[in-house]
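Bear in mind the structure is a predicted one, so any value in this text is a computation, not a measurement. Computation of the quantities below employed the complete heavy-atom set of this structure, encompassing side-chain atoms and omitting hydrogens, waters and symmetry-equivalent molecules. Letters A, B, ... are given to chains in the order of the sequence lines, protein chains preceding strands, and every chain is numbered from 1.
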Amino acid sequence: MVYNGDEVSALVVDFGSYTTRAGYAGEDCPRIVTPSFYGYTETSEGESSNTNGTGGEDVVMDGEQEKTVGNTQQKTRKYYVGDDGVGVWRQGMEVGNFMQDGVVNDPEPASRLLDHILHDRLGVDPTEHPLMITEPAWNTPKARELMTEMVFEGEKMPALYFGSAGVLSAFAAGKPTALVLDVGYANSSAVPIVDGYALRAGTMRQPLGSQLLISQLHSHFKNPSSTRSFPLSLSSRHLIQKRDPQPDPGLQPKPLFREDRLSNTTESWRSWSENGVIEQWKESCTEIVNYKGFDFQTAKDLPQVLYEFPDGYHQYFGEERYRFTEMLFDPKNYFNQSIEPPATLRATTNTDHSHSLKDLVSLSQLVHDSIMSCDVDVRAALLQNIVVVGNTSLTRGLIERLDVELAALMPSQKIKIHSPTIPFERKYASWVGGSVLASLGTFHQLWVTKDEYEEHGMNIVHQRCK
Amino acid sequence: MSSGVQPTQECLEKFQELKTGKKLSYVVYGLSEDKKSIVVLKSSEEKDFDSFVGELPEKECRWAVYDFEFTLPGGEGIRNKLVFVVWSPDDANVKNKMMFASSKDALRRRLEGIHIEIQATEFSEITKDAIMEKALRR
C-alpha cells in the first residue's frame, strides 16, 4: 500500500502513565483522553461465561491441555477500560494500570484499551488507518514488540510508526535541538534532542511526578495535622449518598455514605478514587514558590484559597498549597521517605540514566545532569532551548522556579526555557507533534507496513523507528 | 526522525551561488505551497543585516543562510562566515513549527561549509553581536 497526499488518514495514540491520548492525525488536539487505569473483576472458570476475557482461549493446543487440567482455580478476568472503566463503581472491581515507568507493561489491558478507542470511541475500521504510537526515549524492545503485535496482529492495522515522545515535543515547540523536560505522572524525565534525534546517553529520568506527590498528600490528608484534629475521608462522589456541607471552614463533615457500596469496594478502587479526589485538589490549589528556599514562616503569609472536598469538608488552604510541591525542587527535604511510596514507583532503580526513589534530585539538577552528560559542543544549544512539557509542569510557578534554580546552578550560562503557552499543547505535546508528522504525505516512506513486518519481523521496526 | 520533506535542486544551487559566487548575501528558505518540498523564497545581494532580519516573518518559520562579514579584533582583517538560521517564532502555530523543525535536517545536512548555526525564536536572538560571539569562539 502506498500512502501519499491527503489520503493518509492516520491515527495517533499516546500511551501515558495517567491518561492515554488518541485521535486523528492532522487535528489540533486529541479527540480522546482516557485513563490508562483499568478495572477488572475475576471470576473462577465456569462461574460465568459472559466474559469478554476468554476470547481466543477456547482454542487449546493438544500439548497444552494437560497443563490446565488440575488447575481448577483458574480465573478469568473481565476488563473495564476507558472512561466507563475505572470511573464507574462496580462491585468487587479491582484497579490496575498497564503502564510502568512510562512504558507499556501489561499487553492485555493495553490492547483492550486500544480496541476500545478504535472501535467504540473513534468508530473506525482499523484496517484502513496507519497508526503512530508515541514512545519514551527509554522504551524497551519488549514493549515495542508487544505494541507491534497489538497493532498488526490484534487490530490488523495497515502501517505503524513509533514516534519518540521527546523528539515530537521538541518539534512541536519548533526546535530540532532542545532539552525536553517532561514532568508527568509517574516520572519526570530530561531528554536531550539534537537535530531530531534523542540522545540516549543524556536521557535521565526519575519517579518524581504527580503520582509521588499525590501519595504524600494522601498520607497528609488521611492523618490529623497540626491544623486539623481529624482525618479526611477523601471519599469520592461514588460512595456518597448525601454530602454534608459545613457552615464554617475546617469542621468535620458527616456525610451519608452509600452503605450498599462500602463493603463491596476493593482496596485498589478505593485508593484509586481517593487519589482522584486529591488530584482535583492538587490541580486547583497547588503552587510553587518562585524563589529558592521555601520555609514555613514565610509560607504563612502566602495567599490562601478556599477548597471544598466532595464529602463537604472545606477549608482555606495556605502553606499546604506550597509545601508538598516543594518536593519537585527539593526532594531531599520535602520527600518524606517514611510514607510508603506507590509500589510501581519503586521499580525504577539507580542506573546511569535513572534515579531511584531514594536518590531523587531536583528538576533543575535533572536538567543539569542531562545536559552535562552530553557533548560539550551541544550544551550551549540545549541550555538555550529547554522545552518543558507534561501535565505536572502546569503547576503554577513551576517554570519561574525552574528558571531561578537553573540560574543559581549555572550562573555564567545563558539559559532559556520555552514552554507552550496553551495548556493542552503542554499536556499533550507529544500527541500534538505526532499528529502533525503522521498527517504528512511526505512522511509515508517511514511507515512500517504490515507486509514489511510480516516479511522482516521486528527488525524493520527497530531499524526505521529511531 | 524527520518529515521526509526534501529540498529542491534550486535550494542547493542558490547555496552554491552564495558560497562561491561571493555576490549573494543571503538566501531565505521555506516550504512550498503543497508542503512537500523545501524551496527558495528569496535570495538577495543586499548586505545590510537589518534588511536580512526584516525578511523573517513574525508568525512563520523560516530557514536562512547569511554570509556574515566581520572584522577580526586587532585589525587582523575581514572574514566571512556562513550562518545558518533556524527561525521559529513563538507566535507561529504548532503545525508550522512542527513542519519546519522536522524538515530542518534534510536541508541543513545538504549544505556544506556552514560555520555557525543559530536557532532563534525571537528577533533579539538574531543580532550581529550574537553571531559575532559565535564567530569568534571557533
Side-chain angles (χ1 to χ4, degrees), chain A residues 3-6 26-29 132 161-164 166-178 193-198 377-378 380-382 384-385 387 414 416 418-422 424-425 428-429 432-447 464-466, chain B residues 1-8 31-38 56-57 59-63 84-111 114-122 124-127 129-130 133-134 137-138:
Chain A
Y3 301 99
N4 50 26
D6 301 325
E27 295 194 340
D28 292 343
C29 75
M132 177 183 276
Y161 189 82
F162 286 105
S164 171
V167 177
L168 292 171
S169 302
F171 280 178
K175 295 175 187 307
T177 295
I193 313 290
V194 174
D195 285 338
Y197 291 93
D377 292 348
V378 299
L382 293 175
Q384 285 170 44
N385 293 285
V387 173
K414 227 191 244 168
K416 201 163 173 212
H418 302 260
S419 199
T421 40
I422 306 171
F424 77 79
E425 280 181 15
Y428 311 133
V432 171
S435 166
V436 178
L437 207 56
S439 70
L440 302 179
T442 47
F443 190 67
H444 69 91
Q445 71 259 40
L446 284 163
W447 291 106
R464 212 167 284 171
C465 307
K466 284 181 195 160
Chain B
M1 197 156 41
S2 66
S3 65
V5 174
Q6 295 295 329
T8 57
L31 289 168
S32 62
E33 280 290 314
D34 64 2
K35 310 267 188 281
K36 282 181 184 163
S37 50
I38 299 169
L56 304 173
K59 292 184 177 177
E60 267 184 72
C61 303
R62 290 286 183 268
W63 303 284
F84 185 79
V85 176
V86 178
W87 173 242
S88 174
D90 284 334
D91 287 344
N93 68 39
V94 175
K95 183 157 187 179
N96 192 253
K97 285 194 244 188
M98 185 77 205
M99 292 280 311
F100 274 76
S102 59
S103 309
K104 176 226 158 192
D105 210 38
L107 175 66
R108 173 65 185 86
R109 73 183 133 83
R110 303 284 290 276
L111 309 179
I114 301 268
H115 281 93
I116 301 163
E117 194 172 317
I118 287 189
Q119 185 168 302
T121 55
E122 288 172 19
S124 65
E125 291 169 84
I126 314 180
T127 59
D129 292 345
E133 195 193 316
K134 288 203 172 195
R137 203 184 295 163
R138 316 204 159 195

| task | Without swapping roles, check the side chain of B:Glu133 against the backbone of B:Ala130 for a donor-acceptor pair under 3.5 Å. | result | no
Max heavy-atom pairs within cutoff under 4.5 Å with chain B, candidates A:Gly433, A:Pro420, A:Cys465, goes to A:Gly433
Chain B shares the most heavy-atom pairs under 4.5 Å, among A:Thr421, A:Ile193, A:Thr177, A:Val167, with A:Thr177
Max heavy-atom pairs within cutoff under 4.5 Å with chain A, candidates B:Lys35, B:Glu122, B:Gln6, goes to B:Glu122
The interface call for A:Ala173 against chain B, heavy-atom contacts under 4.5 Å, is backbone
Review point. If you measure only the distance, is there a donor-acceptor pair under 3.5 Å linking the side chains of B:Thr8 and B:Ser37?
Key: no
The interface call for A:Leu168 against chain B, heavy-atom contacts under 4.5 Å, is both
- Message: Could you check whether any side-chain N or O of A:Ser435 sits under 3.5 Å from a backbone N or O of A:Glu27, counting only pairs where one atom can act as donor and the other as acceptor?
- Response: yes
d(B:Ile114 CD1, B:Arg108 CZ) to nearest 0.5 Å is 5.0 Å
Bottom line for A:Lys466: the part with an atom under 4.5 Å from chain B's heavy atoms is backbone
Applying a strict 4.5 Å limit to non-hydrogen atoms, the region of B:Asp90 in contact with chain A is side chain
Cut-off 4.5 Å, heavy atoms of chain A, and the answer for B:Thr121 is side chain
Residue pairs passing the salt bridge (charged side-chain N to carboxylate O under 4.0 Å, His left out) test with at least one member in residues 96-106 of chain B, sequence neighbours excluded, are A:Asp195-B:Lys104, B:Lys104-B:Glu117, B:Asp105-B:Arg109
Exercise. Parallel, tilted or perpendicular: which fits the ring planes of A:Tyr161 and A:Trp447, with parallel below 30° and perpendicular above 60°?
Worked result: perpendicular
